[in-house]
Q: 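Below are the C-alpha cells for one structure; questions will follow.
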Amino acid sequence: MAGDNTPNSMKESSTNVPLEDAPSCLQYFDHLFSSGKLDAFESLKMSRLAVSRNKQKLLGKWLAEDKLECTEELGDLVKKVDKDLALKIYTKASATPKVIAAFAERREYDKILTYSKQVGYTLDYIFLLQTILQTDAQGALDFALMMLRMEGGCPVDYNKIADLFLQRNMIREATTFLLELLKPDLPEHGHLQTKLLEINLKTFPNVADSILAKGVFSHYDRPRIAKLCEKAGLFIRALQHYTELPDIKRIIVKTDAIEHQALVKFFGTLPRKWALECMEQLLLVNLGGNLKIIVQTSKEYSKQLGVDACIKLFEKFNSDEGLYLFLGAHLRSSKNPDIHFKYIEVAVKTGHITEVERVTRESCYYDAEKTKNFLMKTNLPNARPLINVCDRFGFVPHLIHYLYSQNMLHYVEEYVQRVNPQKIPLVVGQLLDDRCPENFIKGLVLSIRSPFPVEPLVEEFVKRNRLRLLTQILEDLVWEGSRDVHVHNALGRIIIDSNSNPVHFLTTNLYYDSRVIGKYCEQRDPTLAVVAYTRGKCDYELVNVTNKNSLFKLQARYVMERMDGGLWKEVLNPGNVFRRQLIDQVVSTALPKCKSPDQVSAAVKAFMTANLTHEVIDLLDKIVLHNSAFSANFTLKSLLILAAIKADPLRVMGYINRLDNFDGSAVGKAAVEARLYEEAFAVFKKFNLNVKAVNVLLDNLKTIDRAMEFAFCVEEDSVWSQVAKAKLRKGLVSDAIELFIRADDATQFLEVIKAAEVANVYHDLVKYLLMVRQKTKEPKVDSELIYAYAKIGRLGEIEEFILMPNVSNLPNVGDRLYAEALYEAAKIIFAFIPDWAKLAVTLVKLQQFQDAVDAAKKANSLKTWKDVCFSCIDAGESSLAQICGLNVIVQADDLEEVCKYYQNRRRFNELISLMEKGIELECAHESIFTELGVLYARYRPEMLMEHIKLFSTNLNSLKLFQACDEHQLWKELTYLYVQFEEFNNAAITVMNHSREAWDHMQFKHIIVNVGRVELYYKAVHFYLQEHPDIINDLLNVLARHVEHARIVEIAQKAGHIRLIKPYMVEVQSSNVFSINEALHEIYVDEVDYDRLRKSIDLYDNFNQIGLAQKIEKHELLEMRRVAAYIYKKAGRWKQSICMLKKDKLYKDCMETCYQSGDQKLSEDLLVYFSEQGKKECFASCLSTCYDLIRPDVALELAWKNNMMDFSFPYLLQSIREYTSKVDELIKDKVEAENEKKVKEKERKNIIAQQIPPASRISVQIRSKFRFLFQSIEHFVSNIFHQERSDCSVLHYSIVLHQGCNNILHRGRSDCSVQHIILQREYKVAHRFLHQQMDVRQMNESEPCSSSIAGSMWRKDIVTVGLVDG
C-alpha cells in the first residue's frame, strides 16, 4: 500500500469523516480497493462500517476477492452477524482456538479433529469434551467416540472420559462410550467391564441385562456382578454368574421372578450333581409350583442328568405326575423295557388310562409278561390295555381266561369283533376249556363280520370233539357264497361223518381241498377217498390209496384217463411192487374198453418209456398192420417204427418201405440218434426232406462226394448251401465261396468273411461280398468290402465305393485300416467322413506335418493337439509344435504332460517360449503362470522376480514355494510368502537367509502378521544379533503381540537392555514388573530422578524396598529423596522420616507424618523441631499435623521451648473446635430429655387406656401374679441390658408389667382379670416376641439375650399356671 493509507492516516481520516457520512467513507475505501489489499487495521475499520450498515454480502464478496486481511479481531466482529463468514476469517487468520470453538458451536466435531490434524494443533481434549458436555450431551458422546476411533488410539485416558459422563449422571452416554471401547473384550479392560455393568445394574437393569445377554464381555468381576444382578432382580443373570452352589440354591427357588424357559436353559449349564441338587431344592420348596420346570428340565437334559437319576428324583418326592410327564417325553427315544414298564405303571396310578392303552398298543420294548401280570393285578375297569398286551405278545388264552373269570364278556366280544378277528380260534378254544355256554360261543362266532381263519377254528373244535357245533355256521357261510376251502373242508367232514350222501358232495362241490378230504376219507371209506382224489387229480395220493386197498381196476382206469407221462412213469417203475397187477388190469380191462386213440397212444408211449418194447411191438403190430379201428392211425404207425428202432433195428427198413403215413421227421431223427444213418437217409429222402438228407450224408456219413451227387440230383439252393458250409468247414474257402455264389446264399457272410481273412483270399471275398450286397444291406458287408479293396490295393475302387450309397461303418473301417498301418486308405476314409482328429494322426504317420496341423485345427481336440505336438517335437518341427502346444496347455490337466515331454527331450528354451506365449492367451490359467515361474526358477532365475511381481495373483503358491526352496531363491520365496499371506514361513525364511532376503520395512509387515507367538521372540533375537540399531522400531510394531517381560529377559541375556529403553518407556503403561525394574535400573544409572519418581508414582509393580535400599545412600540428594518417598509409599513411615530429617527435608517429613496418621510419629517430629530450635518448622508442623497432635503436648513443648507465639494459631483453632463440640453435646442432651418426657407421657396414656378397673384378688392369685411380675421385670431389665429397644417389645413388656402391678395394688379378684391378662396381653405379646426372636436369630450368628429372656418369660408363665386359667 502507498504511504497515504497508513494506520495513522486512517485514524486521521476516520476522525475527520463521521460514520454518518458513509458515501464518502465508501468512496475512500473504494479507492483503497482499487490500489490493492487492505491491511489489518483498514480491514477491521471497513468491516465495522459494513456491519453497521448490514452489508454482510459485501463483506463476503471482499473476502472472496481477497481484499481484506483476516485477523482474529475481524472474525470476532463478523461473528456477531454471520458465523459462517467468521469461520472463514478465523481459518484464514490461522486463529486455531477460535476455529475449533466455531466448529464446536456448529456441532461439527469431526471437522475439529480433521482441522487440528491438518494444522498440527494439539487439542486439550478433556477441556473440549467438558465444554461440549455443557450444551450437547449427544455431541459430546459422538466426539468421545471419534477420539476412540482415532489412528493410534484414544489421545486421552478413556477412564477420564467415562468419569466425565458419570459425574454428570449421563449413564446412557457413558454406557454407549464404554460399549464401543470394550468391543475387543481385552483382559486389561476387566475393571471397566465391571464398572459398566455395575452402573447399569444400579440404574438401568434392563440395559445391563441386554449387555449380558449378548455375551460381549468375559473379563469382568463375575462374583460382584452376580450380587448386583441379584439385587436388581435379574435372578437368571445372577444364576449364570454365581459359582458357588449355596448361592445358586438360594436364588433358584425364586421361580416366580424367573422366566421358566431361561431357568430350564440354565440347568443345562450346571454340572450334573449340582443340577440334581438344585432340582431337588425346587421340589422341596414348592413341589406343585415347580414341578413343570423340573419336568421340562429333565426332558431336555435327560442325557446329561441321567434318566435313572431323574426317575429317582421324582420317586423321592412321590411325584407320580412328574414321573409320568418325564417318562412320556423320554419314551420314544428309549428302548429300555424298565422305562416303558414304569411309564405304564405311573400312567395307571395317575389315571391316564388312554395313554396306557396307547403305549401298550404302540410300544415294542416293554416286558410283556411283567406288564400283563401288573395289569391283571390292577383290575382296571378298562381292559383295553390288557387286550393290547395279550394280543400283541401271544397271551390271548390268558386274556380270555381273565376276562371270563372277571365276567367281562363284552370285552371278549369287542376283542374278536373289533381288535383281532383272526384270533377267534384261540378265543373259542379257551372259552370251550372254561366251559362257556355253547350259545355264547355260537353267537360270538356268528357276530364276526370280517373274514376269520376257519381252519384253526375247526382244529380247535376238532381237538375238543365239538365240530358239530359249527354246522349251522358253516352252512351259513356257504349260503353267503363263501369259497374258502377251509369252510368247505369242514362242511365235508361233517357230511362224511353223518353219511349224508357224501358222493354227491364230493363230485359236485368245487371248493373243498381234495387232498385234505381224501386223507380224511381214507380211514372211513377208501372209495370215497378215490372219488375225492380223482376230482382233485391227486395222482400220488390216489395211487397210494388204491395200492393199499388193492383197487387196481380203479387205478388202471384213472391212469388211462389221466394220460399223464409222469404218472405212467411212476406206476410202471420197476420198483413198484404192484406193477404187474396194474399192467394186467390195463391190458385186460382198460385198453379193450378204451375208445380214445389219444389214451391208447399215451399208454403205448408210457410202455415204451418203461422199456416194455416187446409188449408194445406185438400190440401195435396187431393193431396197425391188421385191420382194426386204429389201422390208419398216424401216431400209432410212428410209434410202431420208433419201437422197432429202439427194440428191433432189423425190422426198421421193412416198416419204412411198407408204411406211408407216419411222422417222417420224428422217425428220421430217432434213426439218426440210433445211428441208423441209411434208414434215416431213406426216411428223409422218402419224405423230400432234402436238407436233412444231405446233412446225414455230410455230418453222419462224412461223404462230400455223395453229397455233391445228391445236390446235382435235387438242384436245390439250400442243399448247395449245406455243401458249401461243409467245404468252408474243411478249409476249402475258394470252393465254398463259389458254391455260396451258386446257391445265391448271403446268410453265411460272417463265416465267409472270417474264413477269407484267415486264408487271405481277398479277391474271392470281393466277388462274394458284391453278391451279398445285392441281397442285403449290412454295414458289416460294406465295411469288409472296403477293407478287402484296401488289402488288395484298389484305392480307386475305395474312393468310388464311398461316393456311392452304402451302409458301411466308415469310422470303424478307418480305425481298422489305421491299426493295420494302411495309412493311405485310412487317409481317404478319414478325409471323407470327415474325422479331422484321426486324419491328423494319420497324416503324422505319413510325415505330412503341416497338413496334420491343419487337420488338428479343424478337429480342435485336445488329444489330437497333444499327439500332433509330440510328433512335431520328435520331428524337430518346433514352430508347428508350439502352435499345437498352445492349444494343449490351456487345459491345466495336460500342461504337466507337455512340460515333461519337452524337458525329457531337453527342449528347455522351446518350452519357456511356449509358456511365454501361453500367458498371453486370453484363456491363460493359473497353471501356465505357475509352470513358467517354475521354469524360470530352474533355468532363468534372473527373470523370476519380475514374473511373480507381475502375476502374483495368478500363481499356484505351493508349487512355486517348492521350486524357489529347491533352487535357493530366498528373496523370491519371501516375496511369494508375503503375497500369499504365509507370514510364518516368510519370517522364518528371512531370518534363516537374511543376507539375501532381509528388508526392514518388509520384515515389519511380515512379523506383525505371523500366527506363531514364538516367531516374535525369534525376530527379537534376530534383530539383536544382526540389526540392533533398529531394534526399537521392530519392538514398537510388536508391542501389542509380545509379553514385555520376556522381551526384557531376552535383551538382558543379550546384554542390550539399554538399547530397548524407548520401547520399555512406551509399554510401561502395562505396569509389568520386569519393565519397571529394568527402567528403574537405567534411571538410577543415568541419575534421572524426575523420571524415576514419575515411574514410581504411576506404576507400583516393582520391588519397592529393594529399590529404596539401593538408592538410599546415593550421593545425590534427589535420589535419596526418592528413596524416602518409596519408603513412605511402602508404609515404612519411620524409616522415611529418619532419612528426610537426615537430609533436612522438613516439609517432606511433615507431609509423611500427616499421611501416616500416626500420633506418636507426629509428636516425635514436633519434639525434634523444638529441640532443634526450628520455630518455623514447629509452627508448620502444628498446622500440617493438626489432627494428630494433642493440644497439651503442643502447649507443653511451646511453653518449654519459648515458642508460644508460634503455637498460638494452633491454640485458637483447638479452642474453637472444642467449644463447638461442647455446644453440640448440650444441644443433643436437651433434645434427648425432651424426647424422653414425651415418650413417658405417651406410655402413661397407653397404660391408662388398657388397665381394667380395680377389684379385689385372692391371696393365691396375688402370689401368682407377684411371681409373674418379677419374671416380667427380669425380662424387661434383660432387654434394656442388651440394648434391645424395639418399641413394640418394650410396649408389651411395660403393659404386662404395669398391668400386674395395678392388679397387685388394687386387689382385683374377678375372672375378667385373668381373661384380660391371658387372652389379650399374653397372646399378643407372646406372638410378637416369638416373631422378633425368630428374626433376630436369622440375622445374628448367636442367640441374643432377649431370646433367652423370652424363653424364660414363657416358662414362668406356664409355671404360675396362668395358661390353664
Side-chain angles (χ1 to χ4, degrees), residues 717-718 720-846 848 851-852 855-856 858-859 861 863-864 867:
D717 292 341
S718 57
W720 285 117
S721 294
Q722 296 300 321
V723 176
K725 292 178 184 177
K727 285 184 174 291
L728 191 64
R729 288 195 294 271
K730 289 289 186 178
L732 305 173
V733 180
S734 296
D735 295 342
I737 291 175
E738 183 180 355
L739 293 178
F740 276 124
I741 294 173
R742 179 169 186 172
D744 202 17
D745 184 5
T747 59
Q748 304 298 316
F749 65 87
L750 294 176
E751 290 79 1
V752 172
I753 292 170
K754 186 176 181 181
E757 289 179 354
V758 173
N760 196 21
V761 288
Y762 288 100
H763 289 86
D764 296 331
L765 180 61
V766 168
K767 297 176 184 178
Y768 175 74
L769 293 177
L770 289 173
M771 180 274 293
V772 173
R773 286 192 77 245
Q774 297 174 1
K775 297 286 185 178
T776 182
K777 299 295 182 183
E778 286 288 340
K780 177 69 174 176
V781 174
D782 289 358
S783 301
E784 290 295 332
L785 181 57
I786 296 172
Y787 178 74
Y789 280 143
K791 291 292 287 185
I792 61 180
R794 292 162 64 177
L795 301 180
E797 280 83 347
I798 294 176
E799 293 179 351
E800 293 176 0
F801 180 80
I802 62 179
L803 291 174
M804 293 189 300
N806 64 84
V807 292
S808 61
N809 190 340
L810 292 178
N812 289 345
V813 174
D815 293 340
R816 186 178 178 186
L817 294 174
Y818 179 84
E820 296 189 16
L822 300 173
Y823 299 123
E824 290 292 346
K827 173 184 173 183
I828 295 172
I829 299 298
F830 291 142
F832 178 77
I833 295 176
D835 189 338
W836 304 113
K838 294 178 180 178
L839 178 60
V841 178
T842 305
L843 291 170
V844 167
K845 294 293 184 180
L846 296 172
Q848 300 174 11
D851 293 338
K858 296 177 181 179
S861 166
K863 184 177 184 304
T864 304
D867 293 340

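The residues of the chain are indexed from 1 along the displayed sequence.
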Q: Sequence neighbours left out, what pairs pass side-chain hydrogen bond (donor to acceptor under 3.5 Å, both in side chains) with at least one residue falling in residues 758-768?
A: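 Non-adjacent pairs meeting side-chain hydrogen bond (donor to acceptor under 3.5 Å, both in side chains): Ser734-Asp764.
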Q: Between Leu795 and Ile828, is the side chain to side chain contact (heavy atoms under 4.5 Å, CB included) condition met? List the steps.
A: CA-CA 9 Å; Leu795 301 180; Ile828 295 172; 4.2 Å; yes
Q: Under the side-chain hydrogen bond (donor to acceptor under 3.5 Å, both in side chains) definition, can you give me all pairs with a residue in residues 801-813, not counting sequence neighbours?
A: Asn806-Ser808
Q: Show me the donor-acceptor pairs, under 3.5 Å and distance only, between side chains in residues 723-733 and residues at least two apart or in other chains.
A:
none

Q: Measuring from atom CD of Glu824 to atom NZ of Lys827, what distance do you get when rounded to the nearest 0.5 angstrom?
A: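 Rounded to the nearest 0.5 Å, the CD-NZ separation comes out at 5.5 Å.
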Q: Sequence neighbours left out, what passes side chain to side chain contact (heavy atoms under 4.5 Å, CB included) with Val813? Give chain and number order.
A: Ser783, Ile786, Leu817
Q: If you take all heavy atoms of Gly814 and Ala826, which pair is closest and at what distance?
A: O-CB, 3.9 Å
Q: Between Tyr787 and Glu757, is any side-chain donor less than 3.5 angstrom from a side-chain acceptor?
A: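 The criterion, which ignores hydrogens and geometry beyond distance, is not satisfied for Glu757 and Tyr787.
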Q: Within a strict 4.5 Å, meaning less than it, do heavy atoms of the Asp782 and Lys777 side chains meet?
A: no
Q: Taking side chain as C-beta onward, heavy atoms only, is Leu822 less than 4.5 Å from Lys791?
A: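 When only atoms from C-beta onward are counted, Lys791 and Leu822 do touch, with a gap below 4.5 Å.
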Q: Just how far is it from atom CG of Leu843 to atom NZ of Lys845, taken to the nearest 0.5 Å?
A: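 So the CG of Leu843 and the NZ of Lys845 are separated by 12.5 Å.
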Q: How would you list, by chain and number, every residue that makes a ring pair (Phe, Tyr, Trp, His ring centres under 6.0 Å) with Tyr789, sequence neighbours excluded?
A: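 For Tyr789 there are no ring pair (Phe, Tyr, Trp, His ring centres under 6.0 Å) partners, ignoring immediate neighbours.
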Q: Report the residues that fulfil side chain to side chain contact (heavy atoms under 4.5 Å, CB included) with Ile833, sequence neighbours left out, ordered by chain and then residue number.
A: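 Partners of Ile833 under the side chain to side chain contact (heavy atoms under 4.5 Å, CB included) test: Leu810, Pro811, Ile829, Phe830, Asp835.
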Q: Ala825 and Ala790: which non-hydrogen atoms are nearest, and at how many Å?
A: CB-CB, 3.9 Å
Q: Enter the distance from Trp720:CH2 to Leu739:CG here, rounded to the nearest 0.5 Å.
A: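 Output value for this atom pair is 6.5 Å.
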Q: Are the side chains of Lys838 and Tyr818 in contact, using a 4.5 Å heavy-atom criterion?
A: no
Q: What distance do Arg773 atom CZ and Glu784 atom CD have between them, rounded to the nearest 0.5 Å?
A: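 Reported to 0.5 Å precision, the distance equals 13.5 Å.
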